[in-house]
S.K.: 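A single structure is presented below for examination.
On a predicted model such as this, the values are computed, not experimentally measured, just so you know. For the single chain, residues carry numbers from 1 onward in sequence order.
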Amino acid sequence: MKNKIINIAVIAHVDAGKSTLVDAFLQQSGVFRENQEHVDQVMDSNAIERERGITIYSKNCSVMHNDYKINIVDTPGHADFSSEVERIMKTVDTVILLVDSIEGPMPQTRFVLQKSLAIGLRPILLINKIDKKNHRADEVVNMVFDLFVELNANDEQLDFPILYGIAKQGIVQYELDQPSENIVPLFDTIIKHVQPYPDKDNDDLQMQVSSLAYDEYIGRLGVGRITAGSIKEGQTVSVARHDGTVDKQKINSIFVYHGLSRVSVKEAVSGDIIVVSGVTNISIGDTICTENKPNPMETIKIEEPTLSMNFLINTSPFVGLSGKYVTTRHLKGRLEKELEINVGLRVESLEDAVDGYKVSGRGELHLSILLENMRREGYEVAVSRPEVILKKVDGVVMEPIERVFINVPEVYSGSVISKLNVRKGMMSSMSPDGNYVKIEYMVPTRGLLGYRTELINDTRGEGTMVRSFDHYEKYKGEIPQRLNGVLISNDEGDAIAYSLNNIESRGSLFISPGEKVYEGMIIGQCARGEDIVVNPCKAKKQSNTRSSSADESIKLTPPRVMTLELALEFINDDELVEVTPDNIRLRKRYLTEIERRKNANRLKTN
């Protein structure tokens with residue numbers, strides 16, 4: 001007997017508990033053996049996902065409930081990975097919208113909900129974390145309803161089921177005052193709210209590829225739902241490409257999801273989410289059809305990139321000390337491999353440089369995750385300051401605008417408002433939240449580059465910022481860059497405490513004694529608005545009166561540790577971030593002082 005199939009996606013803002021809820025689904029449906037070690041957020045299988053506590057790639061699993069097979073897609077909550085969310089919406093029958101009982105709907109909640117409403121899905125609302133003492137679940141339900149209305153939801157969509165839960169404990173309940181011991185109410189609501197996929201096994205085959213995967217042994221894999229018909233191992237099919245061409249291919253293997261595992265099957269039927277291998281150059285939006293009966297589905301539209309960086313080969317004196325892959329050929333091959341599965345990315349050759357590529361993505365995090373993966377694989381690369389992608393509409397230059405929510409103690413709100421106004425921001429709303437103030441702004445993406453660090457400094461680490469792309473608006477004019485200059489090394493060698501102690505009075509340091517430096521490397525931020533060239537390798541001169549214990553008593557302020565994101569936010573147009581497997585260094589584009597002067601003169605004459 002054929003199982004009834006329902007496909008669902010769990011959508012929410014970052015940290016609302018998506019991966020934890022999927023854990024509860026898997027735990028209570030008996031996917032894990034009793035003696036099996038259970039890892040929290042089991043779907044966040046990527047090393048960077050586990051370290052950062054965020055979902056980056058959408059992933060599939062399935063559970064059985066009675067005679068229903070429920071395929072579950074765990075989606076990213078960060079706006080930079082929105083291309084992952086957009087594609088899978090076409091493969092599901094409903095979405096579970098997870099909202100924090102205190103935070104309420106956040107910018108990314110708006111984005112993912114808008115996408116699901118636009119294609120006619122009827123969401124199920126789950127208010128999570130109701131175990132928190134100061135939760136405001138009833139108020140949050142009203143806020144979500146207002147958001148539905150604002151996003152033009154139809155009457156059917158506005159009549160959404162509301163559930164309350166504690167995903168961490170695997171509990172979902174119908175009402176706040178109706179305790180539960182498991183997530184059965186959620187299973188029952190899904191089955192009651194969503195019709196199982198209709199039986200279309202006898203129709204002509206139609207399966208659109210919504211995401212890609214890669215296997216070292218069998219190559220590129222296409223993932224998608226069978227909209228109609230069935231598919232068999234070894235079957236010859238027509239592939240209607242997203243560019244309009246059609247060619248014949250043979251399906252090598254078919255996999256379906258059982259729990260967390262990908263299981264090979266001889267045949268798969270309509271409604272199921274499957275993985276196929278054997279189709280050469282398979283891509284997002286391609287439709288697999290019955291042989292000689294191509295019937296392509298509407299192409300999946302991916303949101304345009306909003307930010308670009310130049311990826312250049314590393315030309316510093318320390319090139320090759322820690323990385324294995326340092327040439328243009330290596331860089332080109334790695335970016336081409338990334339394009340196979342990362343459809344939100346664009347790569348173009350740089351016109352004025354033979355040793356680099358312009359890489360465009362959905363945001364700083366989207367591109368920095370790629371860089372983080374590359375450095376872990378042994379690549380060395382130098383990257384430029386992120387640049388916002390402008391576009392022309394009817395001859396008018398337009399730029400991306402982001403919706404920003406900032407939560408800060410009231411005492412620091414004046415500083416935040418002042419800084420965002422200078423960055424061409426426009427305040428939408430401001431409301432008290434206990435001792436804090438919640439401020440909503442519309443700010444050009446250009447104005448937010450480098451702002452996160454300033455926010456942390458201005459609010460003594462107590463301010464939080466959440467942002468997501470909203471729309472394009474007319475170009476807002478010049479926005480000031482970083483006001484402080486930098487401290488630049490003029491020598492190569494090991495940094496010495498005696499020298500760093502003298503340099504420290506001129507600004508804040510990024511390096512510690514004993515670290516290797518080279519000429520042109522940025523070793524700190526200057527307290528003034530100009531760049532200063534210093535020598536961190538200068539030792540104390542020997543003399544008769546020298547005290548041997550004097551150097552040991554030097555106490556330096558701990559250096560500012562530059563993570564990849566902080567470094568990308570910090571640099572100006574004439575600076576680069578050197579990314580290697582064991583170091584993140586900041587440097588000037590031109591390493592020697594003579595080269596920098598020549599370049600400055602060249603820019604003046606132009």
S.K.: Look only at the side chain of T189 and the backbone of P185, and say whether a donor-acceptor pair between them is shorter than 3.5 Å.
M.R.: yes

S.K.: Who pairs with R346 by salt bridge (Lys or Arg N to Asp or Glu O under 4.0 Å), at least two apart in sequence or on another chain?
M.R.: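 R346 satisfies salt bridge (Lys or Arg N to Asp or Glu O under 4.0 Å) with E304 only.
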
S.K.: Can a donor-acceptor pair be found between the side chains of N421 and Y441 at a distance below 3.5 Å?
M.R.: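 A pair is found: one side chain offers a donor N or O, the other an acceptor, under 3.5 Å apart.
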
S.K.: Which residue pairs pass the salt bridge (charged side-chain N to carboxylate O under 4.0 Å, His left out) test with at least one member in residues 570-581, sequence neighbours excluded?
M.R.: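 Every salt bridge (charged side-chain N to carboxylate O under 4.0 Å, His left out) pair that includes a residue of residues 570-581, provided the two are not neighbours, is R385-D573, R482-E575, D574-K588, E575-K588, E578-R585.
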
S.K.: Say whether, by atom type as modelled, one donor and one acceptor occur between the side chain of S360 and the main chain of P305 under 3.5 angstrom.
M.R.: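 It does not hold such a pair.
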
S.K.: Taking only residues at least two apart or on different chains, which pairs with a member in residues 419-428 satisfy salt bridge (charged side-chain N to carboxylate O under 4.0 Å, His left out)?
M.R.: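 Qualifying pairs, neighbours excluded: K419-E454, K419-D458, R423-E454.
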
S.K.: How would you list, by chain and number, every residue that makes a salt bridge (Lys or Arg N to Asp or Glu O under 4.0 Å) with R136, sequence neighbours excluded?
M.R.: E139

S.K.: Can you tell whether the side chains of E377 and R334 come within less than 4.0 Å, N to carboxylate O?
M.R.: yes

S.K.: Any chance the side chains of E504 and T557 put a donor and an acceptor closer than 3.5 Å?
M.R.: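 Side chains of E504 and T557: pair found under 3.5 Å.
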
S.K.: Examine Y436 together with Y412 and report whether their ring centres are nearer than 6.0 Å.
M.R.: no

S.K.: Does the Q525 side chain pair with the main chain of G485, one donor and one acceptor, at a distance under 3.5 Å?
M.R.: no

S.K.: Does N314 reach the side chain of T580, with side-chain heavy atoms less than 4.5 Å apart?
M.R.: yes

S.K.: Atom CD1 in I96, atom CD1 in I72: separation rounded to 0.5 Å?
M.R.: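 If we round to the nearest 0.5 Å, I96:CD1 and I72:CD1 are 7.0 Å apart.
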
S.K.: Tell me if a side-chain donor or acceptor on N128 pairs with a main-chain N or O of A167 at a distance below 3.5 Å.
M.R.: yes

S.K.: Is the backbone N or O of V579 less than 3.5 Å from a side-chain atom of R375, with the two atoms forming a donor-acceptor pair by type?
M.R.: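 Judged by distance alone, no pair lies under 3.5 Å.
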
S.K.: Counting only N and O atoms by type, is there a donor-acceptor contact under 3.5 Å from the side chain of T94 to the main-chain atoms of V194?
M.R.: no

S.K.: Residues two or more places apart in sequence or in another chain: which of them pass ring-ring contact (aromatic ring centres under 6.0 Å, His included) with Y451?
M.R.: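 ring-ring contact (aromatic ring centres under 6.0 Å, His included) list for Y451, sorted by chain: empty.
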
S.K.: What I want to check is whether the side chains of E565 and S368 have a donor and an acceptor closer together than 3.5 Å.
M.R.: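 Their side chains do contain a donor-acceptor pair, which is all the 3.5 Å distance test asks for.
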
S.K.: Using a strict threshold of under 4.0 Å (side-chain N to carboxylate O), is an ion pair present between E462 and R460?
M.R.: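 So R460 does not pair with E462 through a salt bridge.
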
S.K.: Sequence neighbours left out, what pairs pass salt bridge (charged side-chain N to carboxylate O under 4.0 Å, His left out) with at least one residue falling in residues 148-168?
M.R.: R110-E150

S.K.: Any ring-ring contact (aromatic ring centres under 6.0 Å, His included) pairs touching residues 126-155, not counting sequence neighbours?
M.R.: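 Sorted pair list: F148-F160.
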
S.K.: Suppose we screen for side-chain contact (heavy atoms from CB on, under 4.5 Å). Which residues come up paired with N142, at least two apart in sequence or across chains?
M.R.: none

S.K.: With E175, which residues qualify under salt bridge (Lys or Arg N to Asp or Glu O under 4.0 Å), at least two apart?
M.R.: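 With sequence neighbours excluded, E175 shows a salt bridge (Lys or Arg N to Asp or Glu O under 4.0 Å) to no residue whatsoever.
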
S.K.: side-chain contact (heavy atoms from CB on, under 4.5 Å) with E440: which residues, sequence neighbours excluded?
M.R.: R403, F405, S428, S429

S.K.: Would the distance check show the side chain of T306 and the main-chain N or O of P400 forming a donor-acceptor pair, the cut-off being under 3.5 Å?
M.R.: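 Checked: no pair found.
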
S.K.: Sequence neighbours excluded, which residues qualify as side-chain contact (heavy atoms from CB on, under 4.5 Å) partners of V396?
M.R.: M398, K474

S.K.: Applying side-chain contact (heavy atoms from CB on, under 4.5 Å), can you list everything that pairs with N134, at least two apart in sequence or on another chain?
M.R.: I102, K132

